[in-house]
Amino acid sequence: MPAGPATPAVALHGLRKSFGTVEAVAGVDLEIADGEFFAMLGPSGSGKTTVLRMIAGFESPTAGTVLLGGRDVTRLAPFERDVNTVFQDYALFPHMSVRQNVEYGLRVRKVGRAERRRRADEALRSVRLEGLGDRRPAALSGGQRQRVALARALVIRPKVLLLDEPLGALDLKLREQMQVELKALQREVGITFVFVTHDQEEALTMSDRVAVFDEGRIAQVGTPAEVYERPASPFVAGFVGTSNLLTGAAARDLLGRDGTFSVRPEKIRLDGPPAGDGETAATGRVAEVVYAGPTTRFVVDLDAGARLVVAQQNLATSSADVAALRGTPVRLAWRTEHAVPVPDPVPPTQLSKESAHAYR
Amino acid sequence: MTLSRSARWLLRGAMALGLAFIYLPLAIVLVNSFNADRTFAWPPPRWTTEWWTRAWDNAGAREALWMSVKAGLGATAIALVLGSLVAFAVQRYRFFGRDTVSLLVLLPIALPGIVTGIALDTAFRSVMAPLGVEKGLFSVIVGHATFCVVVVYNNVLARLRRSGGNLQEASADLGADGLQTFRYVTFPVLRSALLAGALLAFGLSFDEIIVTTFTAGPGVQTLPIWIFSNLFRPNQAPVINVVAAVLIVASVVPIYLAQRLSDTATGGRL
C-alpha cells in the first residue's frame, strides 16, 4: 500500500447490504489509496459487485459508511459522487453516436460544445478510437465498445473509476491485450481504478492490491504476491491459484508440524535430484497428467495421504513422454519454506446473529 | 433445417393460397370502387371515379371520418400515458401483485368486444350518468382506451426489457439528474416504441365497431358504424365501397410503419 498520511480515495466502514433475508455484504472495511489499481476478487455471489455498486451509489447500504476522498457520500445519489463506472455490458447509449456517448458526462454538466468536442476527441484518442466518433455503438466490436465505455467514464476526470468485470465479455486474446492497456491507461491518467473480477489471473496481473471476497466479507487484502504466496485462509489458497493443501496426518508426516499448509504447484520438483538441505521430500503416484502447452500438471496422490498438483515447465519433455508417467511412482521435493501455513477460518466469534448463515 | 424440394413447393403453395384468400377480396373492393356498374358486374364493364367524388361529397361519411379520428386520437393519448406508466412500473419495480397487474392490463384485448361493450354500457348508464357523465364521444374514447393501452404497454415493455435497466444507471453515474436522464436517455430510447404503440392503438380504435356501438352516445357515429348502418341501402353501396377502399389504404400505412419501428433495434434509424 502506498505510504503516506494522504486521505484514502475510497474508505468503507462496516459496510453491509441485505436483499430481503440474504446478506450480500456482511461487514466490509476497506481503504483504497489514491492512484491505486485495486482489484476486488471473488466467486459470483461473494458480494464484490454489490460493494462496487454501493461505492457508485446504485445501492444504498443497510449499514456502514462510504467515504470518497474523506467525504461521507453514503446517502448521496450517483450523480452527486465523483466516481464513474464502466459497466459489465458497457451500457452505451444505443441512440447516440460514439462521440455523443463520450460527451454525455460533459453535456449534462453544461460544458460548451467546442470544449466538449475537444475533450471527447482527446478521450477517444487515449483509448485509440480516433476516427470512430461518428459510429453508433451497434456498429462496434466488443473490444471497441469497451474502450468507448472507458473513454466515456474517463472524460469527466473522476477521482475513482469503478470497473465491473470490465473484460468479462471479451475473448481471451483481446482480454490479455486489454489487461495490458488498462494498466498502461491507469498509469497515464493517474486515477484510482477499482475493478471487480472473478478471474484470479486478471486480478494478480493487473492490480497493485487485491481484496479476496468470500461470502459477503473480505477474506484477505494484500499485494498479488502476498495473496498468492501467503494465503490467509484455505478459501484464499484455493481461489487464488490451485488449492494444494496439506492437513492433519499428511502435514504431520511430511512437515512434522500440525496445521494446514499450502504448497503452490510450481514450487514442487518432480523426480529431480533428491531433496537436499532445507527441502521436504515426499513420495506418491501420478494419478493424472494434464498437458497444457508450456506446462504439464501432474496430479499426485501422496503415500502420506494427500493429493497435490505439481506443475512442471515443458523444457525438454513432450506430451507423449509425460503421458507415460501416469500411474508411475514419483518423488517430490520442495523447499521447506514454500509450505506456507494457512490459518484456519476465523471462528465465528465476531459474527452477528443475522449473518451467521453466511458461514455454513 | 433443410426441407425437401416437394415440401418447399407444397408450403409455398399453401402460403400463396392463404394470403390470396385474405387479400383477393380486399383487392376486389379496391377495384370495384372504380367499377362503373352500380351492381358491381364482373369484370367491370367500364371505369369511373364518380363514386369517389360522391363519397367525398357525402357529409355523413365525412363527419363519421372526423369522429373516428377524434376517438382514435383520444384513445391513443390515454393509451400512451397509461400504457407506458404501467410498463415502467412492471419493468422497474418488484411489488406485490405485479404479475396480476400485468395480466389485468393484457386481458382487455382478449375479452370479447361484446362483453366489454355491455359492461361499459351498463357502467355508463347506471353509474356515470347519475354523476353527470353521459354517453358521448368521451365514453367511446374510454371504451377504446381499454384495449389500446395493451399495445402501447407491450411495445414499451419489450423495449425496456431489451434496452436494459442500466442505461438509466449509466446516465446517473455520468452526472445526469433524473430529468436529464429522462430527456436524453429514457425518452429517446423509447421514442420509436411509443410511436409504434401509438400507431397500432390508433389503428385498433379506428376500425372498432362492437365496443363503439355500446358506448357511443346519440349523434356519435364513427366511420365503421356509418358504414355498417349504410351497408344495406342499395344506392349507398358504391360509396361504401369507396370508403372501404380508403380504409384499407389508410390502415396499411400505420401498420407498416409500426412494424418497421418495432423491428428497428434500439439503436435504429428512427
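Naming convention: chains lettered A, B, ... in sequence-line order (proteins, then strands); numbering from 1 in each chain. The structure displayed is predicted, hence computed values, not measured ones.
- Chain B forms more heavy-atom pairs under 4.5 Å with one residue of E80(A), R81(A), R107(A) than with any other, namely R107(A).
- When ring centroids are compared, F37(A) and F195(A) come within the 6.0 Å threshold.
- The cationic atom of R152(A) (NZ for Lys, CZ for Arg) lies less than 6.0 Å from the six-membered ring centre of F93(A) and within 45° of the ring axis.
- Contacts of D82(A) with chain B are absent, with no heavy-atom separation under 4.5 Å from either backbone or side chain.
- The choice from A91(A), P137(A), G57(A), G105(A) that makes the most heavy-atom pairs within less than 4.5 Å of chain B is A91(A).
- Within the 4.5 angstrom heavy-atom criterion, no atom of L162(A) approaches chain B.
- The side-chain contact (heavy atoms from CB on, under 4.5 Å) with L182(A) is formed by just one residue from the set V86(A), L161(A), L150(A), V127(A); it is L150(A).
- Ring pair F58(A)/F87(A): centre-to-centre distance below 6.0 Å.
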